[in-house]
Participant: 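The structure's right below; bear with me while I get my questions together.
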Amino acid sequence: RLVLNSARLDSMIQAARQVAELPDILGEVLRDYSHSNGLIIKSRRVPIGVVLMIYESRPNVSSDAASLCIKSGNAVILRGGKEARRSNMAILSAMNGAARAEGIPEQAVLFVENQERDYLSQLLSAEQYIDLVIPRGGEGLIRAVSEQSRIPVIKHYKGVCHIYVDKSADFTKALDIIENAKCQRPGVCNAAETLLVDRDIAAAFLPQAAERLLARGVELRADKAAIEHIPRAKPASEDDWNAEYLDLILAVKVVDGAKSAIEHINTYGSKHSDAIVAQDMETQQLFMTAVDSAAVYSNASTRFTDGSEFGLGAEIGISTDKFHARGPMGIEGLTTYKYYVYGSGQIRS
């Protein structure tokens, strides 16, 4: 996450260009209502105001956040980690140079170099100046920010993402999806951490899944029923069901159908991204309706939960909250609305 090579820089540039090409949504009329007394009532999309970004390691967040906040009419205060300070300052210099050329005030994007905890506490108490806080990093950072802040916080603590393989699944699709979700980039929040398999197909499917995953260097931690079919797996503990490994480790459990899988996910999951592999349409619909997560997938990898993949250009973060924004946050998530009421002298009787 600290790497800034040519490929990563090209990706950051492409993300900024995609944001620039998005439609301008500020001022968009969300509701237009004519009252019987002649009042015209409209709700319009407006910026949130000043956004404080607190993040670790990821220098690409500097350009993503600046691009998205400028596009959505917000000011942003960036507080990156000390491990990427010089990278962040270089990115900010480039962004501010572009902003000046377009007549955008440099104060629209500010970078905080002070890494003192007391200073962060002051920022999180500055509710008269800052409207929203978005932390990105490890669970410890996000919990610390959420507990200290007097300003609303949009967050996700971790990504405990599941793939459930139903008895109606196409095995070839299931194996490809599991391998991609676990192995393509295991250290990210939308990588799969738990595999749930319908008991009716466990004997046939699990040996194939184990062969594919073990060949990729994945350590499997399985419950008693799954170990019967994966002798090379390690026994899973209770802690494995809500673990975010961010590594080539996968928890495996045999469940009694879709309802059992849904119950497990809603108990142990993090409300981030969860997938079902199934051919049966009713089972797909049940899963996608009942699983309480920001993104639910049918026959696809969880790795797509990402702002650019969802057509948002970039993302300022992923929210597992239910209020205001949920899932990858682009420019719409960085706006709110207010009512414009046009009258001609009306008074309420």
Participant: Between Pro207 and Ala202, which heavy-atom pair has the shortest distance, and what is it?
Facilitator: CD-O, 3.7 Å
Participant: Is there a side-chain contact between Ile134 and Leu334 (heavy atoms, below 4.5 Å)?
Facilitator: yes
Participant: For atom CZ of Arg8, decide whether the heavy atoms of other residues, nucleotides or ligands shown that lie under 6.0 angstrom number more than 12.
Facilitator: yes
Participant: Testing Leu175, Ile178, Leu248 for side chain to side chain contact (heavy atoms under 4.5 Å, CB included) with Leu213, which one passes?
Facilitator: Ile178
Participant: Can you confirm whether Pro135 sits close enough to Val153 that some side-chain heavy atom of one is under 4.5 Å from a side-chain heavy atom of the other?
Facilitator: yes
Participant: List the steps, then state whether side chain to side chain donor-acceptor pair (under 3.5 Å) holds for Asn190 with Ser273.
Facilitator: CA-CA 6 Å; Asn190 56 20; Ser273 302; over 6 Å; no
Participant: Is the side chain of Ser72 donor-acceptor paired with the backbone N or O of Leu68 at a distance under 3.5 Å, no angle test?
Facilitator: yes
Participant: Determine, step by step, whether Asp176 and Arg212 satisfy the side chain to side chain contact (heavy atoms under 4.5 Å, CB included) criterion, reporting the C-alpha distance in whole Å, the side-chain angles of both residues, the deciding distance to 0.1 Å, and the verdict.
Facilitator: CA-CA 9 Å; Asp176 289 344; Arg212 179 82 72 95; 3.1 Å; yes
Participant: Distance from Gln128 atom CD to Ile130 atom CD1, nearest 0.5 Å?
Facilitator: 8.5 Å
Participant: Roughly how far, to the nearest 0.5 Å, is the CD atom of Glu219 from the NZ atom of Lys234?
Facilitator: 3.5 Å
Participant: Should Lys224 and Val254 be marked as a side chain to side chain contact (heavy atoms under 4.5 Å, CB included) after you check the CA-CA gap, both sets of side-chain angles, and the distance that decides it?
Facilitator: CA-CA 9 Å; Lys224 186 176 179 180; Val254 173; over 6 Å; no
Participant: I'd like to know whether CZ of Phe171 has more than 12 heavy-atom contacts from other residues, nucleotides or ligands below 6.0 angstrom.
Facilitator: yes
Participant: Looking at every heavy atom in both Met12 and Asn60, which two are closest together, and how far apart are they?
Facilitator: CG-CB, 3.7 Å
Participant: Quick one: does Gln115's side chain have a donor or acceptor within less than 3.5 Å of a partner on Gly80's backbone?
Facilitator: yes
Participant: Does a donor on one side chain and an acceptor on the other come within less than 3.5 Å for Asn180 and Ser301?
Facilitator: yes
Participant: Quick one, Phe111 and Asn96 - any side-chain contact, counting heavy atoms below 4.5 Å?
Facilitator: no
Participant: Taking the side chain from Lys182 and the backbone from Ala192, do they hold a donor-acceptor pair closer than 3.5 Å?
Facilitator: yes
Participant: Ignoring hydrogens and angles, tell me if any N or O in the side chain of Glu83 forms a donor-acceptor pair with the backbone of Ser57 under 3.5 Å.
Facilitator: yes
Participant: Give a yes or no answer on whether the side chain of Lys271 reaches the backbone of Asn266 with a donor-acceptor pair at less than 3.5 Å.
Facilitator: no
Participant: Say whether, by atom type as modelled, one donor and one acceptor occur between the side chain of Asp166 and the main chain of Val277 under 3.5 angstrom.
Facilitator: no
Participant: Is there a side chain to side chain contact (heavy atoms under 4.5 Å, CB included) between Val133 and Lys155? Walk through the geometry before answering.
Facilitator: CA-CA 9 Å; Val133 178; Lys155 61 195 178 294; over 6 Å; no
Participant: Could you tell me how the ring of Phe287 sits relative to the ring of Tyr164: parallel (under 30°), tilted (30 to 60°) or perpendicular (over 60°)?
Facilitator: parallel
Participant: From Lys82 NZ over to Asn88 CG, what is the distance, rounded to the nearest 0.5 angstrom?
Facilitator: 14.0 Å
Participant: Verify salt bridge (Lys or Arg N to Asp or Glu O under 4.0 Å) between Asp292 and Lys322, making sure each step is shown before the conclusion.
Facilitator: CA-CA 10 Å; Asp292 184 21; Lys322 292 188 179 182; 2.9 Å; yes
Participant: Closest approach of Arg44 and Gly27, non-hydrogen atoms and distance?
Facilitator: NH1-O, 3.0 Å
Participant: Looking at Glu102 and Ala98, would you say the former's side chain and the latter's main chain have a donor-acceptor pair under 3.5 Å?
Facilitator: no
Participant: Using side-chain heavy atoms (C-beta onward) and a distance below 4.5 Å, is Phe205 in contact with Asp198?
Facilitator: no
Participant: Is any side-chain heavy atom of Ile227 closer than 4.5 Å to a side-chain heavy atom of Pro235?
Facilitator: yes
Participant: Would you indicate whether the side-chain heavy atoms of Leu52 and Leu132 approach each other to under 4.5 Å?
Facilitator: no
Participant: Between Lys253 and Asp223, does at least one N-O distance fall below 4.0 Å, as a salt bridge requires?
Facilitator: no
Participant: Can you tell whether the side chains of Arg143 and Glu147 come within less than 4.0 Å, N to carboxylate O?
Facilitator: no
Participant: For the pair His35 and Tyr33, name the ring-plane relationship: parallel under 30°, tilted 30 to 60°, perpendicular over 60°.
Facilitator: perpendicular
Participant: Under the 3.5 angstrom rule, does the side chain of Asp274 hit a backbone N or O of Val296 as a donor-acceptor pair?
Facilitator: no
Participant: Strictly distance-based, threshold 3.5 Å: is any side-chain N or O of Ser319 a donor or acceptor partner for the main-chain N or O of Ala325?
Facilitator: yes
Participant: Under the side chain to side chain contact (heavy atoms under 4.5 Å, CB included) test against Arg45, which residue among Val29, Ile331, Thr335 passes?
Facilitator: Thr335
Participant: Please answer whether the main-chain N or O of Gly333 pairs with a side-chain N or O of His324 as donor and acceptor at a distance below 3.5 Å.
Facilitator: yes
Participant: To the closest 0.5 Å, what do you measure between CG (Leu78) and CD1 (Ile91)?
Facilitator: 9.5 Å
Participant: In terms of ring plane angle, is the pair His264 and Trp241 parallel, tilted or perpendicular, where the classes change at 30° and 60°?
Facilitator: perpendicular
Participant: Could you tell me if the side chain of Ile13 sits less than 4.5 Å from the side chain of Arg17, heavy atoms only?
Facilitator: yes
Participant: Roughly how far, to the nearest 0.5 Å, is CD1 of Ile104 from CZ of Arg100?
Facilitator: 11.5 Å
Participant: Can you confirm whether more than 12 heavy atoms, excluding those of Gln279, are under 6.0 Å from its CD atom?
Facilitator: yes
Participant: Less than 4.5 Å apart, any side-chain heavy atom of Asp306 and any of Glu315?
Facilitator: yes
Participant: Going by atom types alone, do Ser237 and Asp240 pair a side-chain donor with an acceptor below 3.5 Å?
Facilitator: yes
Participant: How many angstroms lie between atom OG1 of Thr194 and atom CD1 of Ile249, to the nearest 0.5 angstrom?
Facilitator: 11.5 Å
Participant: Would you find more than 12 non-hydrogen atoms of other residues, nucleotides or ligands less than 6.0 Å from Glu211 atom CD?
Facilitator: no
Participant: Do the charged groups of Arg79 and Glu113 touch, with an N to O distance under 4.0 Å?
Facilitator: no
Participant: Check whether more than 12 heavy atoms from other residues, nucleotides or ligands sit under 6.0 Å from atom CD of Glu263, and answer yes or no.
Facilitator: no
Participant: Does the pair Glu244 and Ser270 meet the rule for a side chain to side chain contact (heavy atoms under 4.5 Å, CB included), with working shown?
Facilitator: CA-CA 9 Å; Glu244 184 183 34; Ser270 59; over 6 Å; no
Participant: So for atom CZ, which belongs to Arg199, do other residues, nucleotides or ligands contribute more than 12 heavy atoms lying within a distance under 6.0 Å?
Facilitator: yes
Participant: Check the surroundings of atom OH in Tyr337: do more than 12 heavy atoms from other residues, nucleotides or ligands lie under 6.0 Å from it?
Facilitator: no
